[in-house]
Amino acid sequence: MKFHLRKYIGKTPYQVVILSTFFIVLYFSFVPKYTSHVTDHFTTFKSIYYKDLDNDGTSEMIEYFGYPLSSEYDRATVIVKNLKNVFLGTWNHKGRHIRISNPVFCDFNHDGITEIFTFHRQLDSLFINGINPDSSDIFFVQSRFIDTTRWVNNTVNIKIIGLGNLDYNNDNFEDIVFQIDAGFSLQPRNTYIFDIKNDTILKSPPSYAHLAYPFGQIFDINKDGKEEILLSTHASENIRNFDLPYHDYSSYVMVLNNQLSFVRKPYEIKGSMSHTKTFPIVRNKHRSILVYYHNYGERNTDSLFLFSPEVEPEHKICLDSLINKIGSPINMRFHLDKGDYNYLPNPMIGFKNGIIIEFDSLLNISKQIKTKITPLTHAIPLQLDNDSTNREYLISNNKNVFFTDHKFRILATPDIEINTVRNFGRLINMGHPNYFYIQDKENVFHFVFEINPWFQFSWLLIIIVSFLIWLILIAVKGVISIMKKYQMINILRERDTHKTHLARELHDELGSKITGLRLMLENLDISESTKEVHKLSEHLQQTHEEIRNIIYNLAPPNLKNKSFGQTIQQLIHTFDTISDIDFHLEFLPDKCIVDQLDKDVKTELFRILQESLNNIIKHANASTVILQFMQQEHYLEIFVEDDGIGFDSENTQSGQGLISMETRAKMIKGFMSLYSEKGKGTSIAIQVPIKVKKKKNGNVLFDFIIRRSPNHH
């Protein structure tokens, strides 16, 4: 039999489309579009930053920490390494490290080298330092005096936070913007601009208002081409007896121009132990200032404000009802850097239970988003995949970080655990656009966000799978076709066998008798016609019975409107009539057990019994046959036993009749076994299911075989 591939090509398009579509749906249900994984991790207590200092497309690692030379002196130190942990330079400052501070990175002279600006103190004096990473251990700005601070109980409580850079005097050189915020030292609490080229320092107007995290945002809020500084403030109520314009028993909305003068008189929001968080908002090119006010003692006064670029209040909404309904906000701790988005697209606020609420220009709620991230602690706007139309976010709870889309749906989760976000930023590595680092109190993780390769190359996999499906369908159809052809051949051969059998039966059984009748008619004596006619009538009657039996054996019984038990009784009666064998039929417990069988099972079982009884009559030379039906659990067991001459069943090849019986038993999901021995008769056992269940009792067939074994009595 040859398999012609050409016949089946082109016959499977619909099946391929259906199966391929099912595969695609299933595949994309389990394969995410994006993935994020950690590439490196180490433990440190130093402050770690990554910047491409030499503009070569790869970040350098900057360690900024205090180096302990004695129990009373922590020298400020900066160490620069490449990503292979090779030292590129070390800079030891003359004074103490300020523990709460961060450096400023700026290519102030536009020479392609990013300089590092750090801070230290000596006694009550505060200093700024400039580091050129090309000059190891040499400061191009060393110990430039900034300001003095007060001593309280022989100590200083101070924070210096670098905000960024701007060109305040339009001389094409960048100037460093930073803030100093004293605690119980009280002063200074100001914003500063360090003009590096001209070695001058600007200072904002005097204020005793604390500067709060995030300490400030450099942004051109009024679109005049000059950047302003939006400040966040904090009221701690530890100064009451000074006659100053901005005390720390109120929080303020403060915006400075690039000359460090107030754009407008600061807006005061009275309330001790409170703070304001200030963010730029850009909606359809319209700019405004969002302010979140939080009072630690009187939560019912928590509010959102929208200010114009001229720092005039436009709208206000009290958050008391939202807080009572949803829970505590996350203090709007959005970290905004110029490297990504340094503004918010809409007024929004996050809550610890994972809800993000967006507002319109009138501070009416426009959208409420329920994230799967709780408790929500940080939301950092990002730009991923060079997509400038939408922003994404890196969001964290108290343990994990997540990448989300602009609707805060989770895209990927780096396999890291953190306790808080200390530092975060991009890590430029071989041009990879979405390489990040994050630092908590003790650990630094490097991780990437990228398109899942299994998603990116899914089209190739789909093509391969579709092609394989096509080949499999072709192969299956070819095999089915071949099987059908072989099946048809077997059917035709079986028909030929039945025809031959029928011809032999008619020839052997009826031919001689009809010949005898013909001779009798030829020799008929008229005088004795009555007697001869009577004898002829008997022969014709016998011949008629023979023909009926042959037809009965060839034609299937009508089982539609008749009890199968009665059909079997009729079968036994027929064989009992045409033979001298004594037949015994038993139904245990009664005839109803065989009526539970399906019609097809009854038909095939009838043929099996018919063939077995025919074989007994023709070959067994038996005097007694026992036919027994017995129900065992969900199976019907049939036993046919005779006391005939038997044969060696183990060494004798099965004939066509036995093969036919076994095949029919398998067709009805049954099992047949035969045992015979010369001089000891033959036993046939058949087992068929009454009801087919998903889970069968595995011991039933085993017990059945044991009971019918020749040694089992």
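The salt bridge (charged side-chain N to carboxylate O under 4.0 Å, His left out) test applied to E63 returns K46, K81, not counting sequence neighbours. Not a single salt bridge (charged side-chain N to carboxylate O under 4.0 Å, His left out) links K51 to another residue, sequence neighbours left out. Checked against ring-ring contact (aromatic ring centres under 6.0 Å, His included), Y437 has the following partners two or more places apart in sequence or in another chain: Y50. S59 meets the side chain to side chain donor-acceptor pair (under 3.5 Å) test with no other residue; sequence neighbours excluded. The side chain to side chain donor-acceptor pair (under 3.5 Å) check on Y293 picks up N295, with sequence neighbours excluded. The salt bridge (charged side-chain N to carboxylate O under 4.0 Å, His left out) test applied to D405 returns R409, not counting sequence neighbours. Applying the salt bridge (charged side-chain N to carboxylate O under 4.0 Å, His left out) criterion to D440, with sequence neighbours excluded, gives no partner residue. Qualifying side chain to side chain donor-acceptor pair (under 3.5 Å) partners for S250, counting only residues two or more places apart in sequence or in other chains: E268. For T114, the side-chain contact (heavy atoms from CB on, under 4.5 Å) partners two or more places apart in sequence, or in a different chain, are L53, F105, D107. Looking at residues two or more places apart in sequence or on another chain, you find no side chain to side chain donor-acceptor pair (under 3.5 Å) involving T44.
Here the two rings, on Y252 and F262, have centers that are 6.0 Å apart or farther.
Note: F178 and F119 have tilted aromatic rings, judged against thresholds of 30 and 60 degrees for the angle between ring planes. Between H41 and F445, the two ring planes are parallel [angle under 30°; tilted spans 30° to 60°]. The aromatic rings of F436 and F403 lie tilted to each other, with the angle between the two planes from 30° to 60°. Taking the six-membered ring for Trp and thresholds of 30 and 60 degrees, H294 and H275 have ring planes inclined between 30 and 60 degrees apart. In this structure, Y267 and F307 have perpendicular ring planes: the angle between them is above 60°, well past the 30° mark.
The stretch residues 361-374 participates, sequence neighbours left out, in no salt bridge (Lys or Arg N to Asp or Glu O under 4.0 Å) pair at all. Contacts classified as side chain to side chain donor-acceptor pair (under 3.5 Å) and involving residues 312-321 (residues at least two apart or in different chains) are given here: D320-N324.
S251 and T276 share no side-chain donor-acceptor pair at under 3.5 Å. S236 and D248 share a donor-acceptor pair across their side chains, judged by distance under 3.5 Å alone.
Among all heavy-atom pairs drawn from I349 and L319, the shortest one is CD1-CD1, 3.7 Å.
In this structure, the side chains of L363 and P347 come closer than 4.5 Å at one or more pairs of heavy atoms. N165 is not listed as a side-chain neighbour of F117, based on a closest heavy-atom distance of 4.5 Å or more.
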Derivation and outcome, side chain to side chain contact (heavy atoms under 4.5 Å, CB included), residues R287 and N222:
CA-CA 7 Å; R287 303 188 178 193; N222 52 17; over 6 Å; no
